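Data block below; observations after.
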Amino acid sequence: MKDRVVLAYSGGLDTTVAISWIAKERNAEVVCVSIDLGQGGEDMETVRQRALGAGAVESIVVDARDEFANEYCLPTIKANGMYMKEYPLVSAISRPLIVKHLSDAAREHNGTAVAHGCTGKGNDQVRFEVGFANTAPDLEIIAPVRDYAWTREKAIAFAEENGIPIEQSKKSPFSIDQNVWGRAVETGYLEDLWNAPTKDVYSYTEDPALGQAPDEVIISFESGAPVAIDGRKVTVLEAIEELNRRAGAQGIGRLDMVEDRLVGIKSREIYEAPGATVLIRAHEALEAVTVERELARYKRLVDARWSEEVYDGLWFAPLKRSLDAFIDSTQENVTGDIRMVLHAGHININGRRSSKSLYDFNLATYDEGDSFDQSMARGFVELHGLSSKIASKRDFS
């Protein structure tokens, strides 16, 4: 009986070619697993059939949209997950879910190995392989693109030599990864940092200069989770999808950045994440109202570290799990509504309300009704600055 290799199949050039290559080089049967993460684009049945046409013995499509939203996007909202303060972890949070389903498929279909189409320059090889080491350490890992230094040209040549149908998968000049949380675009002319993105780069967002009328939206949260938009109850997936549509129409969520990859190189990436950007911004605004000052200060440090752990492929690691526990403990009172206006690429927050609010109008007001005892402030200021005052007297006298 031949070995079975379970392949993470995207439908693109590299993974389509990998089916035939693995079958030929390893004398193995290939089972393809494609995950619907709300990425849109091609119909998933078309992707499934392409895998079979390229030689897969089985081709499985998993509808993981709600699972992705509830178990991966929601923790990212609660952690205000932004790598380097900008990138909302579009690809990084999808990889552990793909790992989970590939591991499950390997057990179900008697797989002895798993395979991916990642290169040796990227972060995804780490995310996949560290994930497998945590969830299915008995499985061999095959990475043909990395381990045999495939280039786009080599992959196309192999496909043509072996009669592999790849026309659909070699059209775009870019490398694109997308899901409901956002879209990542790289390579091609974008590798020259001086080249500005052209309009064909974007898909999830409209040009913010189109002059769309402002769109006011109210997002309601319960314990850190979005539960309603404009008073209408929604699931996490529905919240992301609606805000992708509405914020995308305003050109919100576009990002052009040079990021520090885990392997040590810098990479230019274009991202679109309209719903993610709006939800994290709203969540941060509600935390500002409901989370106590010292806890909020420390959580910002934890949020940054959480984002680094996830970006670095350590979703299943002990530190990430402990940070999850801390973050969940901070969300008990993050309940309320945030009102914002989406317009021309910008988010303007103009309303906040919460039954758990720490904002005390009578303490904050400068008008009649002020209950703050200002006589306490003089002594507080003296004591707060006392240690630096003593040090300055020593250092500058």
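Computed from a predicted model, the values in this text were never measured in an experiment.
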By ring-ring contact (aromatic ring centres under 6.0 Å, His included), which residues pair with [X], not counting sequence neighbours?
X	result
Y359	none
F68	none
Y202	none
F132	none

Could you list the residues that satisfy side chain to side chain donor-acceptor pair (under 3.5 Å) with [X], not counting sequence neighbours?
X	value
E241	none
R261	E186, S267, E269
R293	none
R305	E308, E309

Between the main-chain N or O of [Y] and the side-chain N or O of [X], is there a donor-acceptor pair closer than 3.5 Å?
X	Y	result
S34	V61	no
S322	P318	yes
E272	R254	no
N195	E191	no
S20	T16	no
H343	Q212	yes
N244	A247	no
T187	S175	yes

Less than 4.5 Å apart, side chain to side chain, heavy atoms only: is that true for [X] and [Y]?
X	Y	answer
L74	P226	yes
H116	L102	no
I219	L243	yes
I93	W315	yes
Q49	L52	yes
R146	E129	yes
L89	S307	yes
M257	K85	no

Validation: residues 388-397 side-chain donor-acceptor distances under 3.5 Å, sequence neighbours left out:
{"from": "S388", "atom 1": "OG", "to": "G385", "atom 2": "O", "distance (Å)": "3.1"}
{"from": "S392", "atom 1": "OG", "to": "S388", "atom 2": "O", "distance (Å)": "2.9"}
{"from": "S397", "atom 1": "OG", "to": "K393", "atom 2": "O", "distance (Å)": "2.2"}

Which pairs pass salt bridge (Lys or Arg N to Asp or Glu O under 4.0 Å) with one or both residues in residues 358-375, sequence neighbours excluded?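 Listed by first then second residue: nothing to list.
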Summary of salt bridge (Lys or Arg N to Asp or Glu O under 4.0 Å) pairs that have at least one residue in residues 15-37, sequence neighbours excluded: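 The answer is R4-E29, R26-E140, D36-R65.
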Evaluation steps, salt bridge (Lys or Arg N to Asp or Glu O under 4.0 Å), between R281 and E284: CA-CA 5 Å; R281 181 75 179 275; E284 287 177 324; 5.3 Å; no
Of the options Y204, Y87, W181, which is the one that meets Y271 in a ring-ring contact (aromatic ring centres under 6.0 Å, His included)?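 Of all the options given, the one that passes is Y87.
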We want to know whether [X] and [Y] form a side-chain donor-acceptor pair, criterion being a heavy-atom distance below 3.5 angstrom.
X	Y	answer
S103	T135	yes
N80	W306	no
N123	Y311	yes

Taking all heavy atoms of [X] and all of [Y], pick out the closest pair and write down the distance.
X	Y	result
A18	L7	CB-CD2, 4.3 Å
T277	G253	OG1-CA, 3.6 Å
I98	A8	CG2-CB, 4.2 Å
K299	T330	CE-OG1, 3.3 Å

Verify salt bridge (Lys or Arg N to Asp or Glu O under 4.0 Å) between R107 and D104, making sure each step is shown before the conclusion. CA-CA 5 Å; R107 284 186 282 270; D104 290 346; 2.9 Å; yes
Nearest 0.5 Å, what's the [atom1]-[atom2] distance between [X] and [Y]?
X	Y	atom1	atom2	answer
L37	D177	CG	CG	8.5 Å
I265	L262	CD1	CG	10.5 Å
S94	Q39	OG	CD	9.0 Å
D215	R246	CG	CZ	4.0 Å
I338	I218	CD1	CD1	10.5 Å
I141	F128	CD1	CZ	10.5 Å

Would you call D303-R300 a salt bridge at under 4.0 Å N-O?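 Salt bridge absent between D303 and R300.
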Test: R268 and D256 ion pair at under 4.0 Å: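 Yes, charged N to carboxylate O under 4.0 Å.
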Would a hydrophobic clustering, with Ile, Leu, Val, Met, Phe, Trp and Tyr connected at side-chain separations under 4.5 Å, put L13 with V30?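 They do share one cluster, since a chain of ILVMFWY contacts under 4.5 Å joins L13 to V30.
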With sequence neighbours left out, write down each residue that passes salt bridge (Lys or Arg N to Asp or Glu O under 4.0 Å) with R378, or none if nothing qualifies.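 Salt bridge (Lys or Arg N to Asp or Glu O under 4.0 Å) list for R378, sorted by chain: empty.
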Could you check K199 against D207 for salt bridge (Lys or Arg N to Asp or Glu O under 4.0 Å), going step by step and ending with a plain yes or no? CA-CA 8 Å; K199 64 181 181 180; D207 185 341; over 6 Å; no
